Amino acid sequence: MKDNQEELFPLVDEAGNILGSITRGEAHNGSKALHPVVHLHLFNSRGELYLQKRPEWKDIQPGKWDTACGGHIDLGEHVEQALEREVNEELGITDFDAEPLGQYVYESKQERELVYAFRCTHDGKVAPNQEELSGGRFWSKKEILDNIGKDVFTPNFESEYKRFFVK
């Protein structure tokens with residue numbers, strides 16, 4: 001399996017205004033063209049955080065543990081639509097109440113993303129899509145803090161976790 005490099009994403013400014021479109025390949029080739037994504041931090045009622053394991057075939061951060069759900073906003077799609085689509089596709093969850101955490105620009109060596117971050121509490125079934133993910137599980141806060149900086153998690157997850165959940 002491989003990511004579709006021709007998939008179209010919106011090209012946006014830092015306020016989220018659409019300026020045009022860009023392909024996945026262009027977005028991830030070091031161009032630093034800003035494109036929007038959604039992230040969902042999925043907690044259970046015990047305060048544990050669900051993380052997904054990225055498959056080895058991904059073009060960005062293969063094999064690392066990452067935010068429960070994360071995905072690009074497709075061209076012509078609203079933030080909430082993308083969040084619902086991605087959570088359903090990746091985790092098999094259709095009934096959840098997401099609370100916005102905020103938005104920010106994340107930059108790595110390969111890309112720049114306008115991240116719309118959300119959180120929710122969910123005690124129902126989580127069914128990771130075996131075609132898109134290499135599994136997932138709930139992590140305690142201690143487990144996460146013990147593994148930060150050890151190349152276990154994606155850099156994006158680590159920075160976002162510190163931004164929203166480490167006081």
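Because the structure is a prediction, the values reported are computed rather than measured.
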Donor-acceptor pair, [X] side chain versus [Y] backbone, under 3.5 Å?
| X | Y | result |
| --- | --- | --- |
| Asn156 | Ser159 | no |
| Asn44 | Glu48 | yes |
| Ser31 | Glu26 | yes |
| Glu77 | Asp74 | yes |
| Gln130 | Gly135 | no |
| His35 | Ala33 | yes |
| Thr67 | Gly70 | no |
| Glu84 | Gln81 | no |
| Glu143 | Ser140 | yes |

Cation-pi check, Arg119 onto Phe164 ring (under 6.0 Å, within 45° of axis):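 The answer is no, since Arg119 fails at least one limit relative to Phe164.
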Is Arg163 close enough and on-axis enough to Tyr104, meaning under 6.0 Å and within 45°, for cation-pi?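 Yes, Arg163 sits over the ring of Tyr104.
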Is a salt bridge present between [X] and [Y], judged by a nitrogen-to-oxygen distance below 4.0 Å?
| X | Y | result |
| --- | --- | --- |
| Lys53 | Asp66 | no |
| Glu132 | Lys58 | no |
| Asp123 | Arg46 | no |
| Glu111 | Lys32 | no |
| Arg112 | Glu14 | yes |

In this structure, is the centre-to-centre distance between the rings of His122 and Phe96 below 6.0 Å? no
